[in-house]
Amino acid sequence: MRIVILFFTILSVCIDLSAQGLDQNIVSSLDDAHKKFTGRRNLTYEYLTNKEFDKISEIFENPLILELPTGYKENLQSFYKEEIILMFYWLGEYQNILKHVVNNTNPRGSIIETGKEQQAIIPYKNSFYDDLLKLSYENQEELKAHIKSSNLNPEEKDFLMLYLDFRLAEANLEGFDKDLLIQQAKEYKGKYQDESYNDFVSSNIDIGYKTSNFGLGSTLFIGSCSFTENLGDNISGGMPIGGIINAAYKNLILDFQFTGSLISRVKQDFTFKELWEKNSRTTLAFGSLNLGYAIINNDKMMITPSIGMASTNISSYVRAEDGEAINLKIDNTPVLHTSITFDYKLKHKIHISEYKDRLISEFDNTYWIFRLKAGFITPNFEDDNNVFKGNVFYVGAGIGIFTYPATAIKKK
């Protein structure tokens, strides 16, 4: 153990003690209760009123705040919770680890109150935790051997070794054997019945995820459309631009589509209630609700034919002789809308920064998509001289995102 203590002393001395850009720094040794670690750490401190303290409450989800005994408040030391846990393993302070798990609290953690003010101590970022994690990972068999030789009962020993494996998974988040760790957790729960430890194992280690049956997606697209029959003779198709919102259950896809066209014009003079003048700008707008089924849905593509109902509108603005703007329009609802969608998928990779991210990443089906869509609308506009007789055909391309997220498996 003296060799271990000596190693940590040397390791601490090697830590960069500079605190560039910080106005106030306290560099101090730990109090007598922590003499086994004599490392020195940089930290910043702030004096905050109770009201101001609420603004930084999120900070305390990660840092561990330590308070020295009365009389030592000028010498403050701050470590992160993960650092304290690993240090307790090296020091053989196993009861402190178990107490932390049972009570679900930061070990020896507190916030110092000075009169009406509270003092927040925030650890200065450096490589101490990374070095400590690497050292523990490389010497995990030695740490486990010390646990086995302790005077703890078998349940406590097994839990401490399982908990150590869980903590050390962070040393290799991309490649640790998650299946083995989960199997060890299940065997532990099957062997022991103490709810204090089993609850922790179930909530933090033996966790499971599955791909949700419900999906969401959205796309922006632009394309080209054309009209048939008399409608095509009188109005140019233009360029549709719009958005699609998808909601899915397994392979059933519901989409809400909103589209308006650009650069469409009247091709020749014609009369419908008022004179529609040649070269006047027109707009085709429609919104639709469609239900489709993904006949192909894999990691690379999704092909979805769909059918639904749409509301359509064709409008044009002209100027009367007195200069007043006149809005000419014709609309129809509901009308038949059929379409087929092709999505090419690019997998979105989850950033793995903690244990559960590794489990989530395997079941989260989130993709950036390149979408091609073709649709056919039968507006059946009713007018006296059939100038709007015809159908609408459009094609479009766009980009978006679609996800069937990972969802936690509920324990029975």
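All of these numbers come straight from a predicted model, not from anything done at the bench.
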Using a 6.0 Å cut-off, check whether atom [atom1] of [X] has over 12 heavy atoms from anything other than its own residue.
| X | atom1 | answer |
| --- | --- | --- |
| Tyr209 | OH | yes |
| Asn153 | CG | yes |
| Met161 | CE | yes |
| Ile399 | CD1 | no |
| Lys144 | NZ | yes |

ask   = Could Arg371 and Phe221 be counted as a cation-pi pair, given that NZ or CZ must be under 6.0 Å from the ring centre and within 45° of the axis?
value = no
task = With sequence neighbours left out, write down each residue that passes salt bridge (Lys or Arg N to Asp or Glu O under 4.0 Å) with Asp364, or none if nothing qualifies.
result = none
remark   = Residues passing the side chain to side chain contact (heavy atoms under 4.5 Å, CB included) test with Leu289, sequence neighbours excluded, are Leu254, Phe256
request  = Check the pair Leu173, Arg358 against side chain to side chain contact (heavy atoms under 4.5 Å, CB included), reporting the backbone distance first and the verdict last.
outcome  = CA-CA 7 Å; Leu173 284 172; Arg358 172 73 185 287; 5.7 Å; no
request  = Give the intermediate values and the outcome of side chain to side chain contact (heavy atoms under 4.5 Å, CB included) for residues Ile401 and His348.
outcome  = CA-CA 9 Å; Ile401 190 168; His348 168 71; 5.8 Å; no
Check [X] against [Y] and note the closest heavy-atom contact, atom names and distance.
| X | Y | answer |
| --- | --- | --- |
| His337 | Gly375 | NE2-CA, 4.4 Å |
| Trp276 | Ser316 | CZ3-CB, 3.6 Å |
| Phe402 | Gly217 | CD1-CA, 3.8 Å |
| Ile207 | Ser202 | CG2-O, 3.3 Å |
| Ala185 | Asp206 | CB-CB, 3.9 Å |
| Pro379 | Val335 | O-CG1, 3.2 Å |

Would the [X] and [Y] ring centres measure less than 6.0 Å apart?
| X | Y | result |
| --- | --- | --- |
| Phe200 | Tyr163 | yes |
| Phe388 | Phe272 | yes |
| Phe286 | Tyr394 | yes |

Parallel, tilted or perpendicular for [X] and [Y], by the 30°/60° rule?
| X | Y | answer |
| --- | --- | --- |
| Tyr249 | Phe214 | tilted |
| Phe393 | Phe376 | tilted |
| Phe159 | Tyr188 | tilted |

A side-chain contact here means heavy atoms from C-beta on lying under 4.5 Å apart; do [X] and [Y] qualify?
| X | Y | result |
| --- | --- | --- |
| Asp233 | Lys267 | no |
| Ser264 | Ile235 | yes |
| Asn139 | Trp90 | yes |
| Asp299 | Lys347 | no |
| Asp255 | Ile245 | no |
| Thr378 | Thr338 | no |
| Leu181 | Leu162 | yes |
| Thr312 | Ile377 | yes |

request  = Under the side chain to side chain contact (heavy atoms under 4.5 Å, CB included) rule, what do Glu156 and Gln95 come out as? Steps first, then yes or no, please.
outcome  = CA-CA 9 Å; Glu156 292 172 333; Gln95 291 300 331; 4.3 Å; yes
task = Applying side chain to side chain contact (heavy atoms under 4.5 Å, CB included) between Ile314 and each of Thr283, Leu284, Leu328, report the one that passes.
result =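 Exactly one candidate clears the test, Leu284.
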inquiry  = Would you say Lys157 and Ser150 are linked by a side-chain donor-acceptor pair, where the criterion is simply a distance under 3.5 Å?
reply    = no
message = Checking side-chain polar atoms at under 3.5 Å, does Thr304 have a donor or acceptor matched by the opposite partner on Thr341?
response = no
Would the distance check show the side chain of [X] and the main-chain N or O of [Y] forming a donor-acceptor pair, the cut-off being under 3.5 Å?
| X | Y | result |
| --- | --- | --- |
| Ser236 | Arg265 | yes |
| Tyr192 | Asn198 | no |
| Asn290 | Ser306 | no |
| Ser212 | Tyr404 | no |
| Thr282 | Ser315 | no |
| Gln140 | Tyr137 | yes |

Measuring from [X]:[atom1] to [Y]:[atom2], what's the distance to the nearest 0.5 Å?
| X | Y | atom1 | atom2 | result |
| --- | --- | --- | --- | --- |
| Leu135 | Glu142 | CG | CD | 8.5 Å |
| Leu262 | Ile241 | CG | CD1 | 5.5 Å |
| Asn204 | Glu354 | CG | CD | 10.0 Å |
| Lys250 | Thr211 | NZ | OG1 | 12.5 Å |

Matching residue for Lys345 among Asn365, Asn297, Thr366 - test: side chain to side chain donor-acceptor pair (under 3.5 Å) = Asn297
request  = Carefully, step by step, assess Tyr94 and His146 under the rule side chain to side chain contact (heavy atoms under 4.5 Å, CB included).
outcome  = CA-CA 10 Å; Tyr94 303 128; His146 283 291; 3.5 Å; yes
